[in-house]
Amino acid sequence: MNDFIPVFEPLLNGNEKKYLDDCIESGWLGSNGPYVKKLEKDFSDFCGQKYGSCVTNGSAAIDVTLRAMKELYKWEDNSEVIIPSFNIISAAQSCIYNNLKPVFVDAEPITWNIDTKRIEEVITNKTKAIIVVHIYGLPSDLNPIIEIAKKYNLKIIEDAAQAHGQTYNGKKCGSFSDAATFSFFTNKHISCGEGGIVLTSDEELLNKINYFKNLCFSNEKFIHTNLGWNLRMSNLQAAVACAQLEKINKTIEIKKRIGAKYQELLKDIPAKLSCPKTSYAQNHYWIFGIVINDDVKINAKTARQKLLSKNIETRPFFYPMHKQPIFEKLEILDNTERPVSEKLYEKGFYIPTGLNLTDEKLEYITTQIKNLF
Ligand SMILES: Cc1ncc(COP(=O)(O)O)c(C=O)c1O
């Protein structure tokens, strides 16, 4: 049997070590170090927004963005924010921490992104923003979302945690919104273990974000008129992320090669695979997903167990937000059905796309997947 194949492995073969040595030799460890500034400049330039603000992780990036928007735009408590139900909990919990109400929209069955046709149904006079999440490395269809946002005067936040360097109609994801948030967690296209960034072209919003992420220090040090958090990123983390940003195109190339290979080798299994392309983008395969057909008796959980017994690590798909026990307890859910997200969870899982994956391992993984059926 093959050695254990993790679902993801990073490649640290660029300037990561050199930049870390530089931090240690120069003594710049904290958040006021030069790599933090460099990452903010280089990553916002790369994505096409004016400003960046580094934070501790991608969840914190959403927390502080919503907090800053709520204050700046004077949103009342219980204002509503539209979010895809097929998503990680970060955006929804950020809403709740900020006394905003998350409103969940079902996924679209081919791309697994928010179903843009269902967004207008949930808009009320309390709706203030849409958080667009580019799920699993394929962009959401932004043009209809931008139209809706204009029509109802809503802010757009792009959660591009899974879409560094991805484009929509040739323009970078993260550049279409009032603010875009990214994660630099280990399995992301750019990683420094933990980390995140908010991008915006609005200087006032940037200043608010910087204020809330830094304990709400005022001009007079240690005098505070508000409560925030310490969400500052260290120079050490930023050093690694800067090195990773330098080779993002290579990382994307590797991911696309793995994705294309899986598409070819798994084309005959009774399952839907990650959507390879749409009219506006090609998949970057942040992950490669498999959704087993309805008429096949096996569900994702069993398939994953069987693959683990063959030393292949996988991950479940997102458990829909509208089914989360914590949100039931908080009584923020309604009875609307969102069957696509539910089916994706029941039948979907994702397989290894580590940056060190060899063709031999890809062959092994796909053979074991075919054996499931
Ligand atoms: C879409 C999305 N948003 C937010 C996050 C949260 O990022 P972090 O783990 O850095 O807090 C993730 C993490 O995987 C994510 O995939």
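Position 1 is the first residue of the sequence; numbering continues from there. For ligands, and for the atoms within them, numbers begin at 1 and follow the listed sequence. Because the structure is predicted, anything quoted here is derived from the model rather than measured.
Distances between N or O atoms of Asn87 and those of ligand 1 include no value under 3.5 Å. At a 3.5 angstrom cut-off on N or O pairs, Ile88 does not count as close to ligand 1.
Look at Glu40 and Lys37 and you find no salt bridge, because none of the NZ, NE, NH1 or NH2 atoms lies under 4.0 Å from a carboxylate O.
For Phe222 and Phe217, the distance between ring centers is under 6.0 angstrom.
No side-chain heavy atom of Val55 sits under 4.5 Å from any side-chain heavy atom of Ile197.
With sequence neighbours left out, the side chain to side chain donor-acceptor pair (under 3.5 Å) criterion links Ser44 to no other residue.
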Determine whether Glu108 and Thr111 satisfy the following criterion, side-chain hydrogen bond (donor to acceptor under 3.5 Å, both in side chains), listing intermediate values before the conclusion. CA-CA 6 Å; Glu108 191 276 323; Thr111 63; 2.6 Å; yes

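The nearest heavy-atom contact from the protein to atom 4 (C) of ligand 1 is Asp159 OD2, 3.5 Å. When hydrogens are left out, the protein atom nearest atom 9 (O) of ligand 1 is Ser183 OG, 4.1 Å; that is the closest non-hydrogen contact. For atom 5 (C) of ligand 1, the nearest protein heavy atom (residue, atom name, distance) is Ser90 OG, 3.7 Å. Of the protein's non-hydrogen atoms, the one nearest atom 11 (O) of ligand 1 is Ser59 OG, 2.6 Å.
Residue Lys188 holds the heavy atom nearest to atom 14 (O) of ligand 1 of all those in Lys188, Glu194, Gln162.
Contacts of Asn57 with ligand 1, taken as heavy-atom pairs under 4.0 Å, involve both backbone and side chain.
Close approach of ligand 1 to Gly58 (heavy-atom distance below 4.0 Å) involves ligand atoms 6 (C), 7 (O), 8 (P), 10 (O), 11 (O). Short contacts between ligand 1 and Val133, defined as distances under 4.0 Å to a heavy atom of the residue, involve ligand atoms 1 (C).
Of the residues Tyr345, Tyr136, Phe104, the one that meets the ring pair (Phe, Tyr, Trp, His ring centres under 6.0 Å) test with Phe318 is Tyr136.
Between the side chain of Asn214 and the backbone N or O of Leu231 there is no donor-acceptor pair closer than 3.5 Å.
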